[in-house]
Asker: 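Structure incoming, see below.
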There are 2 protein chains.
Amino acid sequence: MEKPPKVTQREIARIAGVSQATVSMVLNDREYSNVRIPEATRERVRRAIEQTTYVPDPAARRLAGLDNKILGVFTYEAALSRESLDFYGPLLHGIEQEAERLGCDLLFFTSSPVEDGTRKLFHKQTRLRLTDGCILLGQQMDSAELTRLVEEGFPFVAVGRRDEPGVPYVGIDYVTLTGDIVEQAVALGHRRITYAHYGRSTPAAADRVAGLALAAETMLVETTLLSTADSDLSEVAAVIANGTDTVVITEDVFMAEALAVELAEHGKAIPEDLSLAVLGDVEGHSLGGRGMTGFQLPREQLAAEALALLQQLIVRNDKARAKLELRTMIEGSIVAGATLAQLKESR
Amino acid sequence: MEKPPKVTQREIARIAGVSQATVSMVLNDREYSNVRIPEATRERVRRAIEQTTYVPDPAARRLAGLDNKILGVFTYEAALSRESLDFYGPLLHGIEQEAERLGCDLLFFTSSPVEDGTRKLFHKQTRLRLTDGCILLGQQMDSAELTRLVEEGFPFVAVGRRDEPGVPYVGIDYVTLTGDIVEQAVALGHRRITYAHYGRSTPAAADRVAGLALAAETMLVETTLLSTADSDLSEVAAVIANGTDTVVITEDVFMAEALAVELAEHGKAIPEDLSLAVLGDVEGHSLGGRGMTGFQLPREQLAAEALALLQQLIVRNDKARAKLELRTMIEGSIVAGATLAQLKESR
DNA sequence: CTGAAAGCGCTTACAG
DNA sequence: CTGAAAGCGCTTACAG
């Protein structure tokens, strides 16, 4: 199996009887310093290309300073495992669709070494430079890495709101959504709410807490915050079961499911004894046959918008880039569900 | 936002007070023509690299003829959509895991233009050349493309058996699995089997038919083949309902589910009136609460082995490559299930 | 209008 | 042992 020598522009030039530079110009449909290539020449070049199996070498193009039409996808943990896919699936689908539309390929940084449980974007062999720009996904983004990307002026977009200055992102407006859930609870007669959360320090987690605090102040409800980082879930359940709050809100659907089981052991049924709502996506989940009350998050749209923004960062020049809205929050919606119910009597 | 000039080996060389070539050698831990670089020099270079944000430019490495540690993933249709993920999910997971182990990144050719319903691997802008090698996934592989890859000596591996000469693959042994299903049916007293299939011309489809024919001959059973390409599913159901065959085997689980609905309308219950088995993966699927009889296919393993083989094709020299087993079939297993039952009486 | 040439950042021979 | 140089396949100025 001898490899036939790779066809290059030089070979095309030889066949067409022109210079290699001319081939490059025809291929890129570009003309420099009042150069004009006659249609006849272009045609000769095109025919020569068709005769052969020529494809431009993307490494050479990139080295010469051109776009690659390759976008990087960096996830802070494995994205394609069965469990991750529940979260990453819709995001990846949105990314794939948008990439297809833009004519870009996607480089997944699966090789990134794992340190302290999360992958590192920068390492001795990072292929980041090969891409025109990069999308960052995951809860546990590394602040130092984000800052370095900003400093280097490397085009990238984070999926999810970030606090670091200069970081472009597309995020979900958890503050508003959380307020909407509280509003619903209040409309149903509730006045005392427990929020069970993971005690994480991510921006999204902070936004939920902020949204809750804001709503509590505006609507005069009392809130109790319980973190599973401080005490385990069964303790949290015990506190709720023995307390007087009438609604329990959880950070995500998995905590809701686990907590419902614990609460059942305390004789608390949902929503008869206690209402429940989730500050996360509840699509496809139910609790004892009942649809859950929570969010419907447009994850595919989120990812697609992030990719579209990235593309703009890449193709625009510095001036046009300055006009770009680097930070976008998109709205999710509330899923009414059946786990948040009218308050029956005062306890 | 001025981009700081990219750090190159030249800059490292300047800092360390050595030549750029020396930097390259230290980085790659390589020595040519009885060259030996003293540890002291190596240390100076390493320190210079740590001082800066140097990362090697993968495009330049590739252009200079080195491996990229990038493996291409080509799917003949979108892989990350909700529906595709059912099929591609386990394969992609296996690929991701193995890539992580090998320290490789993955390039998904999402940009490939769609023609006649399937994506084209070769097009004017294919980034194939950027990868060290490529994994091919999908039912509808293009023979011409496979042949071209073989001719060009480009390293690649197909997931699924292929007929084209010289194509390396890792496939599933449908012939044996199909025989096993027939054997089970025979052991349960059945002698007449209908096989409902899509009439596809893929190697996997052909293997199922071949396995069935072989088993039928060996075990003296009569088989009827019905293709949904010739007549639609309700007609197929009618033929089965009015016939005397006691087992219906379908090509995959989706056809099984659809066919069961049609058969119910003819008053045929499964497995009381008719047994059913599937020549495809049945994990996670059931029919009216009953586990389906069919295959359990080790898709993750399949994909991982394909990637491992690809890696071998890439790193081995021509001589060592010749010793490689280019074609592997791996065994799936039978899921007993409850839809294939003992034949009650003769009809 | 076309060709010869520099340069992108590397690897790897080959002189010193 | 080290440095200067060629080459990978492109793009893009700059002479002719």
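Because the structure is predicted, anything quoted here is derived from the model rather than measured. In what follows, chains carry the letters A, B, and so on, assigned in the order in which the sequence lines appear, proteins first and then strands, with residues in each chain numbered from 1. Scope of the values below: all heavy atoms of this structure, side chains included, with no hydrogens, waters or symmetry mates.
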Asker: What is the distance from CD1 of A:Ile37 to P of D:dT12, rounded to the nearest Å?
Answerer: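 Going from A:Ile37 (CD1) to D:dT12 (P), I get 13 Å.
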Asker: Taking all non-hydrogen atoms of both residues into account, name the closest pair between B:His93 and B:Glu300 and its distance.
Answerer: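 Distance-wise, the nearest heavy atoms are ND1-OE2, 3.1 Å.
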Asker: Given atom CG of A:Asn28 and atom C1' of D:dT11, what is their separation to the nearest angstrom?
Answerer: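 From A:Asn28 CG to D:dT11 C1': 7 Å.
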Asker: Both distances below 3.5 Å, Watson-Crick or wobble geometry, any strand: find the nucleotide opposite D:dA13.
Answerer: none
Asker: To the nearest angstrom, how far is B:Asp29 atom CG from C:dT12 atom C1'?
Answerer: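 Distance check: B:Asp29 CG to C:dT12 C1' gives 15 Å.
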Asker: In terms of side-chain heavy atoms of B:Thr22, which of D:dC1, D:dG9, D:dG3 is nearest?
Answerer: D:dG3
Asker: Expressed as a whole number of angstroms, how long is the span from A:Glu11:CD to D:dG9:P?
Answerer: 12 Å
Asker: Between C:dG9 and B:Arg61, is there an OP1 or OP2 to side-chain N/O distance shorter than 4.0 Å?
Answerer: no
Asker: Between the protein and nucleotides 5-7 of chain C, list the N/O to N/O atom pairs that are separated by less than 3.5 angstrom.
Answerer:
none

Asker: Provide, to the nearest angstrom, the distance between the CG atom belonging to A:Asp67 and the P atom belonging to D:dT12.
Answerer: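 One finds 10 Å between P of D:dT12 and CG of A:Asp67, rounded.
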Asker: Rounded to whole angstroms, how far apart are CE on A:Met25 and C1' on D:dC10?
Answerer: 13 Å
Asker: Cation-pi check, B:Arg119 to B:Phe109: give yes when NZ or CZ is under 6.0 Å from the six-membered ring centre and within 45° of the ring axis, no otherwise.
Answerer: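 Ring-cation test returns no.
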Asker: Check the phosphate of D:dT2 against B:Thr41, side-chain N and O only, distance under 4.0 Å to OP1 or OP2. Yes or no?
Answerer: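 For B:Thr41, the contact criterion (side-chain N or O under 4.0 Å from OP1 or OP2 of D:dT2) is met.
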Asker: Charged N to carboxylate O below 4.0 Å: is that the case for A:Glu43 and A:Arg47?
Answerer: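 Judged by the 4.0 Å cut-off on N to carboxylate O distance, A:Glu43 and A:Arg47 do form a salt bridge.
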Asker: Grab the two heavy atoms, one from A:Gly138 and one from A:Tyr88, that are nearest each other, plus how far apart they are.
Answerer: CA-OH, 3.5 Å
Asker: Hey, does the side chain of B:Ser24 come within less than 4.0 Å of C:dT11's phosphate (OP1/OP2), counting only N and O?
Answerer: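 For C:dT11, OP1 or OP2 has a side-chain N or O of B:Ser24 closer than 4.0 Å.
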Asker: Could you identify the nucleotide paired to C:dA4, looking across every strand shown and requiring Watson-Crick or G-U wobble geometry with both distances under 3.5 Å?
Answerer: none
Asker: The criterion is salt bridge (Lys or Arg N to Asp or Glu O under 4.0 Å); which residues satisfy it with B:Asp67, sequence neighbours excluded?
Answerer: none
Asker: Short question: side chain of A:Arg148, backbone of B:Thr53 - any donor-acceptor pair under 3.5 Å?
Answerer: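 Pair found, side chain donor or acceptor close to backbone of B:Thr53.
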Asker: Could you state the CG-C1' distance from B:Asp57 to C:dG9, rounded to the nearest angstrom?
Answerer: 6 Å
Asker: With DNA chain D as reference, determine whether B:Leu63 or B:Pro38 sits nearer its 5' end, using the nearest nucleotide of each.
Answerer: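 Nearest-nucleotide comparison on DNA chain D picks B:Pro38.
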Asker: Under the 3.5 angstrom rule, does the side chain of B:Glu96 hit a backbone N or O of A:Leu80 as a donor-acceptor pair?
Answerer: yes
Asker: What's the CG-P distance between A:Leu66 and D:dC10, to the nearest Å?
Answerer: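 Spelled out: CG on A:Leu66 to P on D:dC10 is 12 Å.
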